[in-house]
Amino acid sequence: MDDDRLITARFRIHLVPAVLALANPPWQRDVWLDPSTFENLDHIFHTLFDDFCDADHPERYLGIGLRTEEEVTLMRQLGAALETARAQAPNDADAEYLRADSWPQVVAIAGRLAQVMTAHDLRELLALHEARVASEAAA
């Protein structure tokens with residue numbers, strides 16, 4: 001695996017689960033609202049806005065954590081939807097976010113982005129497998 005693919009994989013191992021969590025309301029209720037669990041919405045915000053992407057300006061992460069322009073566009077939409085929800089959660093509590101009028105839009109955009117990212121990752125995995133098989137056959 002070349003260095004660029006490795007960097008992308010290392011970013012996506014954090015990004016994809018964060019997006020999947022945003023797309024899954026039962027997970028949100030079961031995990032984020034349980035004070036005994038590590039993961040909460042703050043963790044998701046740090047992943048998407050600070051640590052592994054900048055959902056406000058995701059184009060900088062094209063080729064790093066995001067594979068395509070479609071992912072960039074959807075991440076930007078997700079960032080805007082999350083900011084709208086943040087404005088509707090004045091105490092910044094996870095339960096407030098989940099009750100926000102805009103939360104269904106967050107879930108919908110995250111669902112689409114999760115589908116796109118997963119499809120791209122599976123294509124990449126298949127390409128890596130096919131390259132390995134071809135290399136072994138040539139040897």
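All residue numbers refer to positions in the sequence shown, counting from 1.
Considering only residues two or more places apart in sequence or on other chains, P26 meets the side-chain contact (heavy atoms from CB on, under 4.5 Å) condition with N24, R29. D121 pairs by the salt bridge (charged side-chain N to carboxylate O under 4.0 Å, His left out) definition with R12, R67, not counting sequence neighbours. With sequence neighbours left out, I13 forms a side-chain contact (heavy atoms from CB on, under 4.5 Å) with no residue at all. Residues forming a salt bridge (charged side-chain N to carboxylate O under 4.0 Å, His left out) with E83 (at least two apart in sequence, or on another chain): R86. In this view, D34 and S36 satisfy the side-chain hydrogen bond (donor to acceptor under 3.5 Å, both in side chains) rule, not counting sequence neighbours. With sequence neighbours excluded, the residues satisfying side-chain hydrogen bond (donor to acceptor under 3.5 Å, both in side chains) with S102 are Q88.
Identified under the ring pair (Phe, Tyr, Trp, His ring centres under 6.0 Å) test for residues 60-79, with sequence neighbours left out: none. Note on residues 86-105: pairs passing ring pair (Phe, Tyr, Trp, His ring centres under 6.0 Å), not counting sequence neighbours, are F45-Y97. Residues in residues 35-54 take part in these salt bridge (Lys or Arg N to Asp or Glu O under 4.0 Å) pairs, two or more places apart or across chains: D54-R60. Residue pairs that meet the salt bridge (Lys or Arg N to Asp or Glu O under 4.0 Å) test with at least one member in residues 90-106, sequence neighbours left out, do not exist here.
In this structure, L125 is not a member of the same hydrophobic cluster as V19, with clusters built from ILVMFWY side-chain heavy atoms closer than 4.5 Å. L62 is connected to V16 through a chain of hydrophobic side-chain contacts under 4.5 Å among Ile, Leu, Val, Met, Phe, Trp and Tyr, so both are in one cluster.
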Could you give the side-chain donor-acceptor pairs of residues 130-139 under 3.5 Å, partners two or more places apart or in another chain?
{"unit_1": "R132", "atom_1": "NH2", "unit_2": "H129", "atom_2": "ND1", "d": "3.3"}

Which atom pairs, donor and acceptor, lie under 3.5 Å between side-chain atoms of residues 108-120 and protein residues at least two apart or in another chain?
{"unit_1": "R112", "atom_1": "NH1", "unit_2": "Q115", "atom_2": "OE1", "d": "2.6"}
{"unit_1": "R112", "atom_1": "NH2", "unit_2": "E70", "atom_2": "OE2", "d": "2.9"}
{"unit_1": "T118", "atom_1": "OG1", "unit_2": "A114", "atom_2": "O", "d": "2.8"}
{"unit_1": "H120", "atom_1": "ND1", "unit_2": "E71", "atom_2": "OE2", "d": "2.6"}
{"unit_1": "H120", "atom_1": "ND1", "unit_2": "V116", "atom_2": "O", "d": "3.3"}

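Inter-residue side-chain proximity for W32 and I44 is flagged as met; some heavy-atom pair is nearer than 4.5 Å. M75 has its side chain within reach of L48: a pair of non-hydrogen atoms, C-beta onward, lies under 4.5 Å apart.
Side chain of T47 to main chain of A18: no donor-acceptor pair is present (N/O by atom type, distance under 3.5 Å, no hydrogens or angles).
For the atom pair D30 CG and T37 OG1, the distance stands at 9.5 Å (nearest 0.5 Å).
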